[in-house]
Protein chains: 2
Amino acid sequence: MLASRYFGLMIARTPATPADAPLIAELIERLARLVRAERHAAGLNPAQWDALTYLARCNRYSNTPGAVARFLNATKGTASQTLNALERKHLLQRRPDPESGRVVRLFLTPRGETLAARDPMQELTAAAATLPATQREAMLQGLAAMLTQLQRGRGDRPFGVCHTCRHFRAGAKGERTHWCTLLEQTLQDSDRTRLCAEHEPA
Amino acid sequence: MLASRYFGLMIARTPATPADAPLIAELIERLARLVRAERHAAGLNPAQWDALTYLARCNRYSNTPGAVARFLNATKGTASQTLNALERKHLLQRRPDPESGRVVRLFLTPRGETLAARDPMQELTAAAATLPATQREAMLQGLAAMLTQLQRGRGDRPFGVCHTCRHFRAGAKGERTHWCTLLEQTLQDSDRTRLCAEHEPA
DNA sequence: TCTTGATAGTATCGAGTCGATACAATAAAG
DNA sequence: CTTTATTGTATCGACTCGATACTATCAAGA
């Protein structure tokens with residue numbers, strides 16, 4: 001129990017809360033703040049990095065300003081401004097959707113793709129990689145549980161990847177195309193592991 | 001392994017990195033962003049909450065603008081502006097240090113103290129509290145390890161509480177005063193669990 | 001068809017963050 | 001007694017962020 005003695009946040013606010021719960025919250029906050037500081041790099045700021053790396057990782061139905069806004073937990077207005085900044089820096093292009101006149105599609109430019117691969121968050125990843133495997137597993141589950149619980153409390157949708165979605169229908173063995181029953185669209189094999197704004201857990 | 005399938009961040013950047021390390025990083029980021037959104041409350045913004053709650057929890061030698069800046073991982077200039085905002089809102093008072101003419105001491109007003117107790121981060125704490133105890137323990141250790149590693153990499157000091165510091169000399173049993181060998185000052189019992197900017201692990 | 005309403009996105013405003021730079025004052029060390 | 005380091009502040013420009021107001025498009029019902 002070195003950790004809890006080391007970072008002492010002993011102010012117990014509700015007696016029902018276990019003593020180490022506030023410590024976990026504190027550590028998550030401080031880690032996030034550290035990465036935030038790290039993410040003022042390459043002329044981008046944290047919000048811009050978030051949007052850029054989201055767009056590098058979402059499937060082709062989730063590359064809209066609205067999806068970015070929801071992913072960033074920001075209002076549409078705020079997200080729109082961040083997208084303006086990325087567009088001004090020629091990392092991103094807005095194009096009208098051919099299907100629907102009120103939808104805008106976002107595409108990274110080659111420069112944007114290149115930059116997205118250099119996300120400063122890698123430092124956090126590297127730190128996580130040094131942990132023993134069993135601990136990583138416990139953290140993964142714990143963090144995921146915390147996130148889904150908080151999101152449920154806010155009533156917003158949690159963003160997942162296609163192949164864990166209840167609208168996903170895998171193609172036959174060896175088949176490289178799949179099907180989304182919600183959008184009624186063909187999915188490429190590469191879409192399987194991409195973030196989708198319409199994701200609903202199976 | 002529901003978690004890693006649910007949040008698929010499959011872009012392995014270095015082959016040496018375990019597959020779940022980026023997931024952990026991603027989850028920490030998203031949790032932090034959620035809390036950040038939550039922290040636009042009571043007329044304060046996240047940076048102001050950070051400074052306010054730090055000042056509510058630090059010992060009386062660490063309530064300076066410089067310590068706030070280091071705790072927030074911000075420059076002195078940025079921290080100074082945040083402190084301006086808090087002072088304008090009458091949550092905080094700057095007073096010159098009687099000992100040293102270039103040091104400023106920060107004191108929360110009664111309103112500031114009251115507000116600090118209503119930190120929106122409590123939601124994160126509540127989410128952590130629902131986890132099983134063994135998982136909390138693993139997360140605590142893992143997060144602490146990640147934080148210290150990142151801080152070491154940046155070469156900055158990690159902020160701990162007095163009674164884990166190598167400069168701390170506990171008073172005799174039942175004694176309510178202690179001693180700091182660095183500042184050569186008496187410490188009250190209540191200081192034992194407060195954050196100190198000069199902290200060095202024992 | 002007309003109309004009402006929901007949805008997707010943008011523009012603008014004001015307060016504030018944030019790093020960078022420049023600068024003041026004080027303290028310490030030679 | 002002069003450097004030099006430390007502590008803190010002011011100002012600038014780009015940007016975030018929520019709030020508000022707005023436009024355009026689509027959808028569903030009368």
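Computed from a predicted model, the values in this text were never measured in an experiment. In the text below, chain A, chain B and the rest are named by the order of the sequence lines, each starting its count at 1.
Counting any heavy atom pair closer than 4.0 Å across all strands shown, B:R39 reaches no nucleic acid atom.
Both A:R105 and A:R36 lie close to DNA chain C; mapped to their nearest nucleotides by heavy-atom distance, the more 5′-ward contact belongs to A:R105. For the pair A:K89 and A:R102, nearest-nucleotide mapping onto DNA chain D gives the more 5' position to A:K89.
Between the NE2 atom of A:H40 and the C1' atom of C:dA20 there is a distance of 13 Å, rounded to whole Å. Taking atom CD of A:Q48 as the reference point, atom P of D:dA14 lies 13 Å away to the nearest angstrom. Across the protein-nucleic acid pair, B:N45 atom CG and D:dG18 atom C1' stand 11 Å apart, rounded to whole Å. Between the P atom of C:dA28 and the CD atom of B:E99 lies a distance of 11 Å, rounded to the nearest Å. Between the CZ atom of B:R94 and the C1' atom of D:dT9 there is a distance of 8 Å, rounded to whole Å. As a whole-Å value, the separation of A:W49 CH2 from C:dG19 P is 16 Å. Look at CD on A:E198: it is 12 Å from P on C:dT7, rounded to the nearest Å. Counting to the nearest Å, the C1' atom of D:dC17 and the CG atom of B:L44 are 14 Å from each other.
In this structure, A:R30 satisfies the cation-pi test against B:F71, with its NZ or CZ atom closer than 6.0 Å to the six-membered ring centre and inside 45 degrees of the ring normal.
Considering only heavy atoms from C-beta on, A:E198 stays 4.5 Å or farther from A:H167 through its side chain. In this structure the side chain of B:L106 reaches within 4.5 angstrom of the side chain of B:P65, judged on heavy atoms. A:R39 has its side chain out of reach of A:Q48: every pair of non-hydrogen atoms, C-beta onward, lies at least 4.5 Å apart.
Aromatic ring orientation, B:H178 versus B:F168: tilted (interplanar angle from 30° to 60°).
Defined by atom type and a distance below 3.5 Å, a donor-acceptor pair is missing between the side-chain atoms of B:S62 and B:H199.
A salt bridge does not link B:R102 to B:D97: none of the charged nitrogens lies less than 4.0 Å from a carboxylate oxygen.
Residues of residues 63-88 of chain B that place a heavy atom closer than 4.0 Å to DNA chain C, in numerical order, are B:A74, B:T75, B:T78, B:Q81, B:T82, B:R88.
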